[in-house]
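Counting starts at 1 for both ligands and their atoms, in listed order. Note that this is a predicted model, so its numbers are computed, not measured.
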Amino acid sequence: MDTVALQSRRVVSAMRPTGKLHLGHYHGVLKHWVKLQHEYDCFFFVADWHALTTHYETSDIIEDSVWDMVIDWIAAGIEPSAVTLFLQSKIPEHAELHLLLSMITPASWLEQIPSYKDLKEKSQSTYGFLGYPLLQSSDILMYRAGQVPVGEDQVAHIELTREIARRFNHIYGREKDFEEKAEEALKKMGKKNALLYSNLRKAYMEQGETEALETARALLNDQQNLALGDTERLFGYLEGNGKIILPEPHALLTSSAIIAGLDGQKMSKSAHNTITLRDSEDIIAQKINSLPTSPNTLNKCPVCQLYELYSNADPAESQQEACGAPGSHCVDGKDSLIDLINTELKPIRERAEELSEHPEDIRRIIEDGSEAAREVARDTLEEVREAMGLSYK
Ligand code: TRP
């Protein structure tokens with residue numbers, strides 16, 4: 001069941017610093033972040049520990065990639081004053097929550113995750129790689145995120161996160177005298193609200209009215225004078241089970257379209273088919289001009305695929321439009337494609353250059369953001385430890 005998260009305005013997302021950001025990152029995720037930053041309370045971070053799960057042998061690229069990534073985010077429109085920007089490894093609580101959650105995670109849940117199954121067949125896989133979706137769950141649950149903007153390939157990880165949260169709440173959300181405590185908490189809302197809550201709870205419990213559940217949750221979110229523990233109790237009490245300590249997040253799908261790289265396959269660093277956000281005009285022209293075109297085939301060539309990203313063509317229409325058909329761009333369109341990409345990247349490139357001249361500013365942004373994130377993380381951990389019987393008061 002959905003919980004506090006449904007109403008939560010909190011968004012958490014991250015990228016792994018494994019190299020230069022490219023158009024795939026920009027169109028796939030980053031543009032979406034820029035939109036979300038003013039609508040939600042956003043926590044965006046650089047997932048440096050996640051980078052180690054696949055790049056432990058080439059970890060020397062991580063540090064530079066961290067700073068370049070933050071520069072690219074800001075150059076692309078992320079405003080440090082509007083969001084909390086931080087670095088995962090500056091918040092050791094992520095590691096602690098990962099460890100604690102690992103105790104309740106059936107190994108088979110991790111073994112069944114598609115990214116693990118796929119890679120395991122190709123190469124030897126480490127303990128860290130097996131566990132990384134759980135590390136991601138910790139990243140998300142730490143901030144009690146309601147929404148997690150991710151690409152399609154990450155949906156299984158959000159689903160895992162939901163199951164872990166459910167399991168955690170089920171095991172540790174049960175307290176002695178739960179009902180009495182919930183009733184006591186209710187009194188703190190004042191007579192009128194308490195009555196409203198009780199009626200809504202009854203309507204949901206007895207009649208299954210989901211609208212009543214939503215209204216009751218909204219009512220709880222509006223309560224200013226409840227302690228966090230009481231709010232969690234009352235959220236849990238609505239559904240009858242116990243305290244909701246870690247709310248379940250939702251995936252916020254960024255873009256269903258896969259951004260094609262220079263070879264027509266998904267753009268990714270490992271496929272060496274990228275246009276990076278900092279490629280110069282000359283490099284972009286060179287890359288596009290050297291692309292093969294394949295008019296009149298059913299599979300669109302990379303020029304057509306990239307062109308689609310920039311044209312406002314109706315996606316249904318362009319689906320049917322094979323390469324070489326009227327209106328397609330693979331043969332004559334290279335120059336205009338180069339123009340389109342350059343127009344988009346020019347301001348980003350210039351801003352990134354400016355920002356690169358002041359590395360101390362970037363470090364300060366990350367220091368400040370990490371400190372703010374850590375405060376939230378400390379609170380969550382305190383509650384998690386207490387629920388698990390590790391508070392030693
Ligand atoms: N695993 C994500 C990726 O590879 C990055 C990531 C790490 C993330 N932690 C996260 C994304 C938390 C969203 C929320 O792209």
Chemist: In the protein, what heavy atom is nearest to atom 4 (O) of ligand 1, and what distance, to one decimal place, separates them?
Modeler: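 Scanning the protein heavy atoms, the shortest distance from atom 4 (O) of ligand 1 goes to R16 CD, 3.2 Å.
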Chemist: Which residue in the set H94, H50, H55 passes ring pair (Phe, Tyr, Trp, His ring centres under 6.0 Å) when paired with Y132?
Modeler: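 Running ring pair (Phe, Tyr, Trp, His ring centres under 6.0 Å) over H94, H50, H55 with Y132 returns exactly one hit, H50.
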Chemist: Any atoms of ligand 1 less than 4.0 Å from a non-hydrogen atom of I140? List them with their elements.
Modeler: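 That gives atoms 12 (C), 14 (C) of ligand 1.
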Chemist: Nearest protein heavy atom to atom 2 (C) of ligand 1, by residue and atom, and its distance?
Modeler: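 The protein heavy atom lying closest is Q154 OE1, 3.2 Å.
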Chemist: Is the distance between the ring centroids of W73 and F44 less than 6.0 Å?
Modeler: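 Judged by ring-centre distance (under 6.0 Å), W73 and F44 do not meet the cut-off.
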Chemist: Any salt bridge between E383 and R144, counting N to O under 4.0 Å?
Modeler: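 Salt bridge: yes.
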Chemist: Under 4.0 Å from a heavy atom of S13: give me the atoms of ligand 1 that qualify, with their elements.
Modeler: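 Ligand 1 atoms under the 4.0 Å threshold to S13: 13 (C), 14 (C).
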Chemist: Taking NZ, NE, NH1 and NH2 as the nitrogens, is one of them in E96 or R378 under 4.0 Å from a carboxylate oxygen of the other?
Modeler: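 Between R378 and E96 there is no salt bridge, as every charged N stays at least 4.0 Å from the carboxylate O atoms.
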Chemist: Look at atom 6 (C) of ligand 1 and say which protein heavy atom is nearest, naming residue and atom and giving the distance to 0.1 Å.
Modeler: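 Answer, as residue, atom name and distance: A14 CB, 3.8 Å.
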Chemist: How long is the straight-line distance from OG of S290 back to NZ of K334, given to the nearest 0.5 Å?
Modeler: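 K334 NZ to S290 OG: 7.0 Å, rounded to 0.5 Å.
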Chemist: Just jot down the ligand 1 atoms closer than 4.0 angstrom to any heavy atom of V148, in number order.
Modeler: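 The atoms of ligand 1 under 4.0 Å from a heavy atom of V148 are 13 (C), 14 (C).
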Chemist: Do K90 and E367 meet the salt-bridge criterion of a basic N to acidic O distance under 4.0 Å?
Modeler: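 Salt bridge flag = yes for K90 with E367.
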Chemist: At less than 4.0 angstrom from any non-hydrogen atom of V150, what atoms of ligand 1 do you find?
Modeler: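 So the atoms of ligand 1 that pass are 13 (C).
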Chemist: Numbering the atoms of ligand 1 from 1, which are under 4.0 Å from a heavy atom of F45?
Modeler: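 The list of qualifying atoms is 9 (N), 10 (C).
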Chemist: So which heavy atom in the protein is nearest atom 12 (C) of ligand 1, and how far is it from that ligand atom?
Modeler: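 The protein heavy atom lying closest is Q136 CG, 3.7 Å.
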Chemist: Taking D279 for the side chain and I275 for the main chain, is one N or O donor matched with an acceptor at less than 3.5 Å?
Modeler: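 Not confirmed, D279 side chain does not pair with I275 backbone.
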Chemist: State whether K181 and D230 are salt-bridged, where the test is any N-O pair (Lys NZ or Arg NE/NH1/NH2 against Asp/Glu carboxylate O) under 4.0 Å.
Modeler: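 No, this pair does not count.
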Chemist: Specify the protein heavy atom at minimum distance from atom 9 (N) of ligand 1: its residue, its atom name, and the distance to 0.1 Å.
Modeler: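 Nearest neighbour among protein heavy atoms for atom 9 (N) of ligand 1, to 0.1 Å: D139 OD2, 2.7 Å.
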Chemist: Does H157 reach ligand 1 with a nitrogen or oxygen that is under 3.5 Å from one of the ligand's nitrogen or oxygen atoms?
Modeler: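 No, there is no polar N/O contact under 3.5 Å.
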